[in-house]
**Student:** 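Pasting a structure below so you can have a look.
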Protein chains: 2
Amino acid sequence: MATEPIDVPELAESNESAKERLLAAAEEIFADYGYEGASVRAICHRAGMNVAAVNYHFGDKETLYVEAVKRAHNCSDTKPVDDDDPTAPASVRLERFIRHMVAMMHEPASPSAMKLVVREMADPGKAAATLVDEFIRPIAFRLRALLQELQPHQTDEERLMTGFSIIGQCLYYRQNRRVSELIFGKPQVEALTVDMVADHVVRFTRNAIGLGERPA
Amino acid sequence: MATEPIDVPELAESNESAKERLLAAAEEIFADYGYEGASVRAICHRAGMNVAAVNYHFGDKETLYVEAVKRAHNCSDTKPVDDDDPTAPASVRLERFIRHMVAMMHEPASPSAMKLVVREMADPGKAAATLVDEFIRPIAFRLRALLQELQPHQTDEERLMTGFSIIGQCLYYRQNRRVSELIFGKPQVEALTVDMVADHVVRFTRNAIGLGERPA
DNA sequence: ACTCGATTGAAACAAACGTTTAGAACAGAA
DNA sequence: TTCTGTTCTAAACGTTTGTTTCAATCGAGT
């Protein structure tokens, strides 16, 4: 009681390691089965820990979920878009934006993290607000700024819809890949590589907003 | 045993009415809470029936779910696209296709039915195959045929991606509406009416595939 | 060695889950 | 009426859920 806790550096490490394992396991299970479908027991089993671990480290299932989603969006690779060259022409930066977006959707650094993030976005829950603030909105505002440069004569609403058209194309392959495979067969869809899709979306979008064919 | 069942006309009606109420309730609850999140008790309570009703009429929860999804896609309005005038030019039929698609996503005849269908598409389960066969694939093949008319010089893969770009734009507003509201604020997104979005997607797509601005 | 706070383990908790059972209520046929 | 089959209800089934309890274990400070 009387003794102040002082700092516990190495203990904190092992603490983080335990929480980290739990978060990693939660990310996978939540991504695969959804919030309701994932059981605390399955998560703890995956983490090699006891059922009580969730309650001890996070309090309850919901808190664990929110923390897992927060951790997931940190694992996503936002950086390549951050160090974008601001001196390049807007049309080039738009192309880079699209290519980064398509790549992120097709081959995310952490598939289960991306899966979990997209799941939360499709059905926004308690973690959605944080996710939007720290992960989604920055990307959306970057695109909006680009479109303001490229189409200053258009209204805000027109640019908003243009942004949705671009994002909609990129998101399609992540949100509807499996259905597409059911429709056209898996080989047909798998034949579409990241580069092919990126090239297509860039060309489709450039034509759509009047940038014309991309110069070689 | 010895007596054959004969026909039971009016009894069959009341039977259908009971199953129908159950299916309607299941559609709403499953659409709102997902398969795992929806409880058999909640569905039966909504239908004003006993818990055992699900097991009596459908056997188990999963069968009820599949039947509810099948019923949901029947409630969706596929017809307006069916009686499409085949004599009109392909570019006009494409525009009609897009407008119908956008309208169906924005203001479906039965919101809960559409919600349930989209949910199953996002996370394909046991009902996905039927849904694709009877509901999704016909639409997709119609679009593919249109693009074959409009862009006969392109490869199958290019046309496939073009189709995905078009569908991706239409689906965006249904799959990511709530996130968009979180990003930009509800009023900004609600300001986009069905007609505005349809006009935009038509113009965006026409430009993208080289049809030029639509003639007045 | 001893103490004490942090962490883990096995077990159990009440509640909710999908499912089942046995019988009541009903309608038509004999 | 009596019988027969169908439909519905109340109650309970066994299992699984998220959560809690409490003692065992560990690690560092005195």
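Chain letters run A, B, ... following the sequence lines, proteins first and then strands; every chain starts at 1.
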**Student:** Just the rounded figure in Å: distance from C1' of D:dT16 to CD1 of A:I43.
**Tutor:** 15 Å
**Student:** In whole Å, I'd like the distance from the NZ atom of A:K61 to the P atom of D:dT20.
**Tutor:** 14 Å
**Student:** Test the A:K19-A:F58 pair against the cation-pi criterion, namely NZ or CZ under 6.0 angstrom from the six-membered ring centroid and within 45° of the ring axis.
**Tutor:** yes
**Student:** In whole Å, I'd like the distance from the CD atom of A:E20 to the P atom of C:dT7.
**Tutor:** 15 Å
**Student:** Checking A:S112 against A:E28: is there a side-chain donor and acceptor pair closer than 3.5 Å?
**Tutor:** no
**Student:** Rounding to a whole Å, what distance do you find between B:E36:CD and C:dA16:C1'?
**Tutor:** 14 Å
**Student:** A:A42 near the nucleic acid: base, sugar-phosphate alone, or nothing, with a heavy-atom cut-off under 4.0 Å?
**Tutor:** nothing
**Student:** Any side-chain donor-acceptor pair under 3.5 Å between B:Q188 and B:S180?
**Tutor:** no
**Student:** Identify whether NZ of Lys or CZ of Arg in B:K126 sits under 6.0 Å from the centre of the six-membered ring of B:Y35 and within 45° of that ring's axis.
**Tutor:** no
**Student:** Collect all protein-nucleotide pairs involving nucleotides 9-13 of chain D in which both atoms are nitrogen or oxygen and the distance is under 3.5 Å.
**Tutor:**
unit_1 : atom_1 : unit_2 : atom_2 : d
D:dT9  : OP2    : B:N50  : N      : 3.2
D:dA10 : N7     : B:N50  : OD1    : 3.4
D:dA10 : N7     : B:N50  : ND2    : 3.2

**Student:** Would you mind reading off the distance between A:E62 atom CD and D:dT17 atom P, rounded to a whole angstrom?
**Tutor:** 18 Å
**Student:** Starting at CG of B:D60 and ending at P of C:dT19, how long is that distance when rounded to a whole Å?
**Tutor:** 5 Å
**Student:** Is there a side-chain contact between B:H57 and the phosphate of D:dC8, meaning an N or O under 4.0 Å from OP1 or OP2?
**Tutor:** yes
**Student:** Between C1' on C:dG18 and NE2 on B:H45, what's the gap in Å once rounded to a whole number?
**Tutor:** 18 Å
**Student:** Would B:E120 and B:Y65 count as having a side-chain donor-acceptor pair, cut-off 3.5 Å?
**Tutor:** yes
**Student:** Can you tell which of A:R144, A:M104, A:H100 makes a side chain to side chain contact (heavy atoms under 4.5 Å, CB included) with A:I139?
**Tutor:** A:M104
**Student:** Taking atom C1' of D:dC8 as reference, at what distance in whole Å does atom CZ of B:R21 sit?
**Tutor:** 11 Å
